[in-house]
2 protein chains.
Amino acid sequence: MTSYGQFCPVAKAMELLDERWTILVVRELLLGSRHFNELRRGVPKMSPALLTKRLRGLERAGVIRRAEVGGRSTYTLTDMGQELHQVVMALSVWGTRWIGELGDADLDPHLLMWDIHRSMPIEAWPRRRTMIRFRFHDVIGKAGTWWLVVDAGRPQVCDFDPGYDLDADIASDLRTLTEIWRGDIGWQDALRDNRIEIDAPAAISRAVPGWIGQSTAAAVARPA
Amino acid sequence: MTSYGQFCPVAKAMELLDERWTILVVRELLLGSRHFNELRRGVPKMSPALLTKRLRGLERAGVIRRAEVGGRSTYTLTDMGQELHQVVMALSVWGTRWIGELGDADLDPHLLMWDIHRSMPIEAWPRRRTMIRFRFHDVIGKAGTWWLVVDAGRPQVCDFDPGYDLDADIASDLRTLTEIWRGDIGWQDALRDNRIEIDAPAAISRAVPGWIGQSTAAAVARPA
DNA sequence: CTGTATCCATGGCGATACTG
DNA sequence: CAGTATCGCCATGGATACAG
């Protein structure tokens with residue numbers, strides 16, 4: 001966090017925020033993560049040592065507050081941190097509009113499922129326990145299959161079969177579901193082009209896109 | 001610009017924007033700088049080699065466009081770059097509200113005069129050529145004295161005496177004028193406490209704060 | 001679960017000087 | 001005016017293993 005040697009508020013803000021990973025940690029906190037390993041799931045490629053360092057830095061700066069609640073470390077945003085919402089939103093809108101291209105390295109099934117499960121519209125799901133399986137046919141090994149369960153109004157991701165009844169089975173490549181989730185393409189277009197397939201009774205098949213939805217950024221208008 | 005390995009638009013945006021100095025260069029372009037040495041004045045502590053590198057990076061990313069106009073290199077923001085205005089604004093607001101403390105290293109007379117001259121309300125100045133001298137009594141040597149001239153509606157900073165008639169003579173320490181400019185303190189309070197002094201005929205003395213004004217960020221409401 | 005502790009390589013970036 | 005060229009440091013952060 002070297003100083004820019006400028007009195008400008010933008011420079012002072014960036015002294016804190018331009019360090020690698022910092023904004024992404026803030027994003028996770030804004031999305032509701034409060035514990036160390038919860039945060040890690042949102043920034044899986046970040047080393048735990050560095051995450052600790054960033055959390056300490058944000059705490060020193062007054063952006064977050066750390067507390068032990070029932071023996072667990074709990075990180076919460078202060079008012080100062082909460083207001084970074086405007087900054088993260090502006091970045092999200094700009095990134096959505098202007099950085100369309102994703103490299104293969106940007107795709108990550110675990111991260112995708114984690115992101116979907118925490119911000120999909122569960123109120124659209126049936127009241128009963130419901131389970132969907134996802135299969136990414138271009139991802140080899142264990143990371144190619146995932147289960148999404150909504151039980152008692154609580155969403156859950158699994159990388160193993162929980163053993164419940166399957167309501168729908170979805171197959172696509174990783175890029176397709178990522179692009180659908182980001183709103184780069186629509187469910188209907190992807191289904192029509194057979195880039196994604198939903199195997200389920202007709203009524204459920206029609207409902208599933210509404211269960212999963214799209215990320216909040218998907219609603220951002222794209223440049224003409 | 002190492003990848004974060006995330007499809008999230010915030011992550012993709014930060015891959016470009018979290019590199020040191022990048023946002024400050026964009027800020028300069030948003031404020032109207034278009035040429036290399038003009039940009040340098042806004043980021044004086046940045047090495048020219050690094051500025052070149054950042055400009056190339058921003059060009060590759062599509063944020064700016066470079067052209068030779070009349071044998072001069074000219075950098076302009078594309079639509080993509082123009083929309084970073086929202087991001088820079090959000091950072092400016094947040095920085096203004098929450099990063100109040102300035103270290104001595106954040107103070108820079110040249111930068112302050114440059115910033116004042118390019119965004120002060122010249123329409124408030126007299127029609128005739130008008131000149132003000134600034135003296136920072138805590139800054140030793142040449143950098144302690146500055147002249148601000150508005151002539152034919154065009155503002156100009158000098159670090160030498162242009163030799164015109166002096167309309168007002170302002171004295172303060174560097175921190176005081178910086179804080180006034182940022183809006184951390186008001187002109188009236190600073191004058192009352194003798195933290196700044198204006199030597200001029202009474203009518204002009206009263207008018208000068210309105211001539212200089214405050215930076216646009218000064219209008220941002222501070223947290224209670 | 002929530003971190004620490006090392007270690008190491010890389011390359012970013014600061015400083016300075018120079019050029020067409 | 002608008003950059004190049006070089007150099008070298010040191011801090012950043014990636015990787016991995018381990019601990020209370």
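Predicted model only: the values in this text are computed from it and were never measured. The figures here come from the full heavy-atom set of this structure, side chains too, leaving out hydrogens, waters and symmetry mates. Proteins come first, then strands; the chains are lettered A, B, ... in the order of their sequence lines, and each starts at number 1.
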Checklist outcome for this item: Assign each of Arg54(B) and Thr52(A) the nucleotide of DNA chain C bearing its closest heavy atom; nearer the 5' end lies the nucleotide of Thr52(A)
Checklist entry - Side-chain N or O of Arg56(B) less than 4.0 angstrom from OP1 or OP2 on dT4(D)? => result yes
Checklist entry - Regarding Arg72(A) and the six-membered ring of Phe36(A), is the cationic atom NZ or CZ under 6.0 Å from the ring centre and inside 45° of its axis? => result no
Next on the checklist: Less than 6.0 angstrom from the centroid, inside 45 degrees of the normal: does Arg175(B) satisfy that with respect to the ring of Phe7(A)?
Outcome noted: no
Checklist entry - For dC1(C), does OP1 or OP2 lie under 4.0 Å from any side-chain N or O of Ser73(A)? => result no
Item to check | Test salt bridge (Lys or Arg N to Asp or Glu O under 4.0 Å) applied to Asp159(A) - qualifying residues, sequence neighbours left out | outcome: Lys142(A)
Item to check | Distance in angstrom units between Glu68(A) CD and dG3(C) P, rounded | outcome: 7 Å
Item to check | Atom-to-atom span, NZ of Lys53(B) to C1' of dT6(D) - whole angstrom | outcome: 14 Å
Item to check | dC13(C) phosphate, OP1 or OP2, under 4.0 Å from Thr2(A) side-chain N/O | outcome: no
Item to check | Minimum-distance nucleotide (side-chain atoms of Pro48(B) versus dA17(D), dG3(D), dT2(C)) | outcome: dG3(D)
Next on the checklist: Tell me whether the side-chain N/O atoms of Arg20(B) come closer than 4.0 Å to OP1 or OP2 in dG12(C).
Outcome noted: no
Next on the checklist: For dG3(C) and Tyr75(A) - does any side-chain N or O of the residue sit under 4.0 Å from the phosphate oxygens OP1/OP2?
Outcome noted: yes
Item to check | Whole-Å gap separating P (dG13(D)) and CD (Glu19(A)) | outcome: 6 Å
Item to check | Gap between atom CH2 of Trp114(A) and atom NE2 of His117(A) - 0.5 Å precision | outcome: 5.0 Å
Item to check | Length of the CG-P vector between Leu55(A) and dT2(C), whole Å | outcome: 11 Å
Item to check | Interatomic distance, Arg40(B) CZ vs dG3(D) P [rounded to whole Å] | outcome: 11 Å
Checklist outcome for this item: Rounded to whole Å, CG of Leu50(B) lies from P of dT4(D) at a distance of 13 Å
Checklist outcome for this item: Rounded to whole Å, OH of Tyr4(A) lies from C1' of dG12(C) at a distance of 12 Å
Checklist entry - Which residues satisfy the side-chain hydrogen bond (donor to acceptor under 3.5 Å, both in side chains) test with Gln214(A), sequence neighbours excluded? => result none
Checklist entry - Rounding to a whole Å, what distance do you find between Leu51(A):CG and dA15(D):P? => result 15 Å
Item to check | Qualifying residue, where the test is salt bridge (charged side-chain N to carboxylate O under 4.0 Å, His left out) with Arg133(A) and the options are Asp169(A), Asp161(A), Asp167(A) | outcome: Asp169(A)
Next on the checklist: Looking at dG3(D), I'd like to know if its phosphate oxygens (OP1 or OP2) sit under 4.0 Å from a side-chain N or O belonging to Arg72(B).
Outcome noted: no
Item to check | cation_pi(Arg129(B), Tyr164(B)) dist<6.0 Å, angle<=45 | outcome: yes
Next on the checklist: Please give me every residue in residues 21-38 of chain B whose heavy atoms get under 4.0 Å of an atom in DNA chain D, ordered by residue number.
Outcome noted: His35(B), Phe36(B), Asn37(B)
